[in-house]
Amino acid sequence: MNDLASKKCIPCTEGTSPLGKKDQQELLSELSDGWRIVQGHHLENEYRFGDFREALSFTNRVGEIAEEAGHHPDIYLSWGKARVTIWTHKIDGLSEADFVLAAKIDRLER
């Protein structure tokens, strides 16, 4: 997990292919248990909190990481939970940068 989190999110160039299933599974093994690959297309993790304020605080911290990385996930926020969904829009699939961002989010204290 630490090796991935220390990398930088590198944008894909035109013509880059999404990661294959084997590469996706190898990178997924470096993330915390909550992450899952959905339909071979995106990463998703749902976090539970005691109330809305905690979920909002987490969401804001994820936003700061995303801005710093220049890679922006979809975040669904509601009372007591936040769901983070990551994929590379440019290639309409998963790239290593998606797993790097997920690893950086894993580092957040909750």
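- Checking side-chain atoms of Lys90 against main-chain N and O of Thr16 turns up no donor-acceptor pair under 3.5 Å.
- Side-chain atoms of Asp106 come within 3.5 Å of backbone N or O of Ser32 as a donor-acceptor pair.
- A continuous path of ILVMFWY side-chain contacts below 4.5 Å connects Leu31 to Leu108, so both sit in one hydrophobic cluster.
- Looking only at side-chain heavy atoms (C-beta outward), Glu68 and Ile65 stay at 4.5 Å or farther from each other.
- Put simply, the side chain of Asn60 never gets that close to the backbone of Ser57: no donor and acceptor are under 3.5 Å apart.
- Taking every heavy atom of both residues into account, Leu19 and Glu96 meet most closely at CD1-N, 3.7 Å.
- Considering only heavy atoms from C-beta on, Ile91 comes within 4.5 Å of Pro18 through its side chain.
- Considering only heavy atoms from C-beta on, Thr88 comes within 4.5 Å of His71 through its side chain.
- His41 and Leu94 make their closest contact through O-CG, 3.4 Å (heavy atoms, listed as atom of the first residue, atom of the second, distance).
- Counting only N and O atoms by type, the side chains of Asp98 and His42 include no donor and acceptor under 3.5 Å apart.
- Around atom CD of Glu26, more than 12 heavy atoms belonging to other residues, nucleotides or ligands sit under 6.0 Å away.
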Please test Ile105 against Ile86 for side-chain contact (heavy atoms from CB on, under 4.5 Å), starting from the C-alpha separation and ending with a verdict.
-> CA-CA 11 Å; Ile105 293 169; Ile86 306 171; 4.1 Å; yes

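- His72 pairs by the ring pair (Phe, Tyr, Trp, His ring centres under 6.0 Å) definition with nothing, not counting sequence neighbours.
- Ring planes of Tyr47 and Trp35: perpendicular class, angle over 60° (limits at 30 and 60°).
- Note that CG of Leu56 and OG of Ser78 are 11.5 Å apart. Values are rounded to the nearest 0.5 Å.
- Using a distance-only test at 3.5 Å, with no hydrogens or angles considered, no donor-acceptor pair links the side chain of Glu54 to the main chain of Phe49.
- Looking only at distances, no side-chain donor or acceptor of Lys81 sits under 3.5 Å from a matching main-chain atom of Arg48.
- With a 6.0 Å radius and a threshold of 12 heavy atoms from other residues, nucleotides or ligands, Asp33 has its CG atom at or below the threshold.
- Interatomic distance, CG of Leu77 versus CZ of Arg83, reported as 11.0 Å (0.5 Å rounding).
- Contact annotation: the side chain of Trp87 approaches that of Asp74 to within less than 4.5 Å [non-hydrogen atoms, C-beta and beyond].
- Considering CG of Asp92 and OG of Ser17, their distance stands at 12.0 Å, rounded to 0.5 Å.
- The shortest side-chain heavy-atom distance between Leu43 and Val38 does not fall under the 4.5 Å cut-off.
- At distances below 3.5 Å, not a single donor-acceptor pair connects side-chain atoms of Gln25 with backbone N or O atoms of Lys21.
- In this structure, CD on Glu64 lies 11.0 Å from CZ on Arg61, to the nearest 0.5 angstrom.
- Between Leu28 and Phe99 the shortest heavy-atom distance is N-CE2, 3.6 Å.
- By the rule that hydrophobic residues join a cluster once side-chain heavy atoms approach within less than 4.5 Å of another member, Trp79 and Tyr76 end up as members of separate clusters.
- In this structure, Ala55 and Ala82 approach most closely via the heavy-atom pair O-CB, 4.5 Å.
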